Amino acid sequence: MAVNARPTRRRRAAHFWNDARVRAVTAQIVLMAALLAGAVYLVHNTLLNLERLGVSTGFGFLWTAAGFDISQTLVPYDRTHSYARAFLVGLLNTFYVSIVGIVLATILGFIVGIARLSSNWLVAKVAAAYIEIVRNVPLLLQLIVWYFVVLGNLPLPGDSIALLGGAYLNIRGLFLPKPVPEPGFAWTVYALVAAIVAVVLLARWARRRFEETGRPFPTFRVGLAILVLVPLAVFLLTGAPLSFEYPEVGRFRVSAGLVLLPEFLAMVAGLSVYTAAFIAEIVRAGIEAVDRGQWEAAYALGLSRGQTLRLVVIPQALRVIIPPQTSQYLNLTKNSSLGVAIGYPDFFNVAGTINNQTGQAVEVIAITMAVYLSLSLAISAFMNWYNRRMALVER
Amino acid sequence: MAEAVRPRPSEVLPPVTERIGPLAWLRHNLFSTWYDTLLTLVVLWLLYVTLVPFFEWAVLNATLSGESKDDCAPGGACWALIRVRFGQYMFGLYPDSERWRVVLAFAILVAAMVPLFLPRMKRRIAWAVALILWYPPVAYVLFAGGWFGLEPVETANWGGLFLTLVIAGVGITTSLPLGILLALGRRSEMPTVRAVCIVFIEVVRGVPLVTVLFMASVMLPLFLPPGVTIDKLLRALVGVSLFASAYMAEVVRGGLQAIPKGQYEAAMALGLSYWQMMRLVVLPQALRLVIPGIVNTFIGLFKDTSLVTIIGLYDLLGMARLITTDPAWLGRHAESYLFAAFGFWVFCFAMSRYSMYVEKVLAAGRERR
């Protein structure tokens, strides 16, 4: 680093090495030269080692057949598909578990965060205990506990636990009724899309009217009504074209239905419970950051408690909450790579298998790093955009 | 006039039994409104259905001694497992006869660290720096052996809580200086230095630690000249330290940014060189500001050490996992992992409390000013 690169100080003045600019340029040249030399040395060694191991370099292996199975695939995949396809399957699994985890962690985190501020002593203490226990135990350990202890002690398929609505839970996973669309169901989907567009337009119109005339419009309630009622009406008018395929419990396995694997359940439970503890603290700090005077001023203006929360407190709290919340979402996504420890086939797990099979360590690591980096950048870009919007709304 | 000034008679207060005492407390904090009451009852019921079975399992039906899982009562915890294997949870596969060396090394460390926490102690920084310089060689000689007639112990046999503490300790002592250098580099006026630091920090923060560990365990051997091998533990240490230093750099940068420009200018006006300015003026203030953030990074690092399990080292978690595969105790997951969780929790909780204490002390200092 630059530390070593600096020439030693001399007492005599006016030497060229006492010129700050000369020293800065020299330091940078030395740093770059050192980095370059290091890189050349490492690349040279790597090539030498790869040659010795008989591994060919390049990304050509991506198009050969993978030859291994993946337990959870969101797109069609079997062992004859290419390595590239296997990477895609892993990436989709990472997305899947991250998105479900983020949604659940946010809900749970807000509930716990608000409970922590509750005036009810018991509720506040339980929330505090939850946060202190969960935050101080490694996530990997929690995932293993969820997988081996909680889900591992579930009954065998023959003694499945029956849940509401025809769902079953056993050691093989959670079995849900699978919705099967029948002809004509497309209309309901179209109606839903149309309703979403209508609500977006309505919200824009309502905001413009509010800014121009100051007359509020119950956007949330009306929007929710449109979102629910319009597709529901179309669904019923077209003759309710949707049926459910219910899981059937056999002695050794459950057939039919939609299955969520225990690995997936453990990942979702572990990631969301762990991240929720951090989100709860962020939410608490955000709400506490809003000055008491803001509440009082809003009441003095004659706003109700709900209006105060919605129009005054939450917009200001969100400004404090969103930036750290972003990094929690990022952490959750990166932490989904711990699925490798319990056999959830996420991107990192698939990459590890591919590395073991092909020995293309350099390429596999390059792909893995690139994918996680772009994921991180994408999430932070989205949250920055959202953050800017919140800041504008508040002004 | 006297009439107008006289205060109004105060409101009649409810009887004292309704204002203070346990009943009033209950009423105020648990049953103040109907939904408060409902909430309290729901939470009490939830606690009842979770904690009572847990208590029965962990305490009432537990078995404390025995030689295998067959000695344990069904439906209860088998704490005998922890008792029999306690040494392995603490030291991994470190030879029984040599464990005193580990204990001695930690005792030396604790004794040497006591002065750091004495409020009256002067020159604490100098003592800490000296400790960082002399302690690692001493500890290494004690742990690894090979000198002074000590039996050599391979790092592959290091394990349990001992290994967790070694990784966390090395990570903590290397990530702070590295993080400070990276943070200074990121705020440097030299564009190449800044670019190198930014790329390093952002790349490392953008990928999960497992990929860094994976890279350290797969790529480091490839980077070295053929024939040179590098210890598995050392690879993990390199990975953990680099990873933690990127996070540390961002914490330190926060502190550096909080120092007013006037401080830099005043230091320069006094004729201090860059390093003098940083060492004597800026860093002491900046680091003090971010002590809670630094401790939080340490807590994260401590928890992250458990990831070395994935690359095949037996830290506390790895040991807990290994023990569950022992035929004599097969399937006793809950006890083993609960014990490991408790081990991690104690250290992390203690660190977080310490951070809160420091924060309070610093806040008090700021308020007084």
Side-chain angles (χ1 to χ4, degrees), chain A residues 1-3 6 9 24-25 27-29 31-32 35 41-42 45-46 48-50 52-53 118-123 126 132-133 135-142 144-145 148-149 152-153 330 333-338 340-341 348 351-352 355 361-362 364-365 368-369 372-377, chain B residues 25 29-30 32 36 39-40 43-44 46-47 181 185 188-193 196 202-203 205-211 214-215 218-219 221-226 273 275 299 302-307 309-310 317 320-321 324 331 333-334 337-338 340-342 344-349 351-352:
Chain A
M1 282 240 16
V3 196
R6 300 177 67 89
R9 269 183 308 123
V25 170
Q28 294 183 67
I29 290 173
L31 173 72
M32 289 318 279
L35 279 180
Y41 176 69
L42 294 184
N45 280 341
T46 309
L48 219 65
N49 280 317
L50 288 176
R52 198 168 46 92
L53 293 170
S118 167
S119 60
N120 187 316
W121 182 86
L122 187 66
V123 171
V126 168
E132 290 298 348
I133 292 172
R135 264 202 324 180
N136 288 321
V137 173
L139 172 62
L140 181 62
L141 180 45
Q142 294 188 35
I144 289 176
V145 166
F148 288 105
V149 179
N153 283 332
L330 274 174
T333 309
K334 283 185 283 173
N335 283 336
S336 68
S337 58
L338 295 181
V340 70
F348 180 74
N355 175 51
V362 183
V364 169
I365 285 177
T368 313
M369 293 273 199
Y372 278 107
L373 268 182
S374 21
L375 253 174
S376 297
L377 289 178
Chain B
W25 185 89
N29 289 300
L30 296 179
S32 59
D36 223 16
L39 210 58
T40 304
V43 173
L44 277 179
L46 276 176
L47 288 178
L181 285 182
S188 161
E189 278 162 12
M190 296 184 255
T192 51
V193 175
V196 168
E202 294 304 330
V203 166
R205 277 161 40 94
V207 299
L209 175 56
V210 259
T211 58
F214 183 64
M215 183 160 161
V218 176
M219 296 284 276
L222 288 180
F223 283 159
L224 294 170
S273 75
W275 292 107
I299 296 175
F302 193 87
K303 287 187 291 177
D304 281 344
T305 57
S306 60
L307 267 61
T309 307
I310 292 178
L317 175 59
R321 202 171 186 180
T324 60
H333 295 290
Y337 291 129
L338 263 184
F342 179 71
F344 280 106
W345 184 83
V346 166
F347 283 91
C348 294
F349 186 72
M351 280 195 272
S352 78

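Here the structure is a predicted model, which is why all the values come from computation and not from measurement. The sequence lines fix the lettering, A, B, ..., with proteins before strands; numbering per chain opens at 1.
Taking Ser188(B) as the reference, nothing meets the side-chain hydrogen bond (donor to acceptor under 3.5 Å, both in side chains) condition, with sequence neighbours excluded. Evaluation of the side-chain hydrogen bond (donor to acceptor under 3.5 Å, both in side chains) rule for Asn355(A) yields no partner, not counting sequence neighbours.
Here the closest non-hydrogen pair linking Val149(A) and His333(B) is CG2-CB, 3.7 Å. A pairwise comparison of heavy atoms in Met219(B) and Ile365(A) identifies CG-CD1, 3.2 Å as the closest pair. Nearest heavy-atom pair across Ser352(B) and Asn136(A) is OG-ND2, 4.1 Å. Across every non-hydrogen atom of Lys334(A) and Arg205(B), the tightest pair is NZ-O, 2.5 Å. Of all non-hydrogen atoms in Arg135(A) and Lys303(B), the two that sit nearest each other are O-NZ, 2.7 Å.
By number of non-hydrogen pairs under 4.5 angstrom with chain A, the leading residue of Ile299(B), Leu46(B), Val203(B) is Val203(B). Annotation: maximal heavy-atom pairing with chain A below 4.5 Å, among Ala320(B), Ala340(B), Ala341(B), occurs at Ala341(B). Ranking Arg321(B), Glu189(B), Glu202(B) against chain A, the residue ahead of the rest is Arg321(B), based on heavy-atom pairs under 4.5 Å.
Atom CG of Asp304(B) sits about 8.0 Å away from atom CG of Asn335(A), to the nearest 0.5 Å. The line from CG of Leu140(A) to OG of Ser306(B) is 5.0 Å long, rounded to the nearest 0.5 Å.
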Checklist entry - Under the side-chain contact (heavy atoms from CB on, under 4.5 Å) criterion, do Ile29(A) and Thr192(B) qualify, and how do the steps go? => result CA-CA 9 Å; Ile29(A) 290 173; Thr192(B) 51; over 6 Å; no
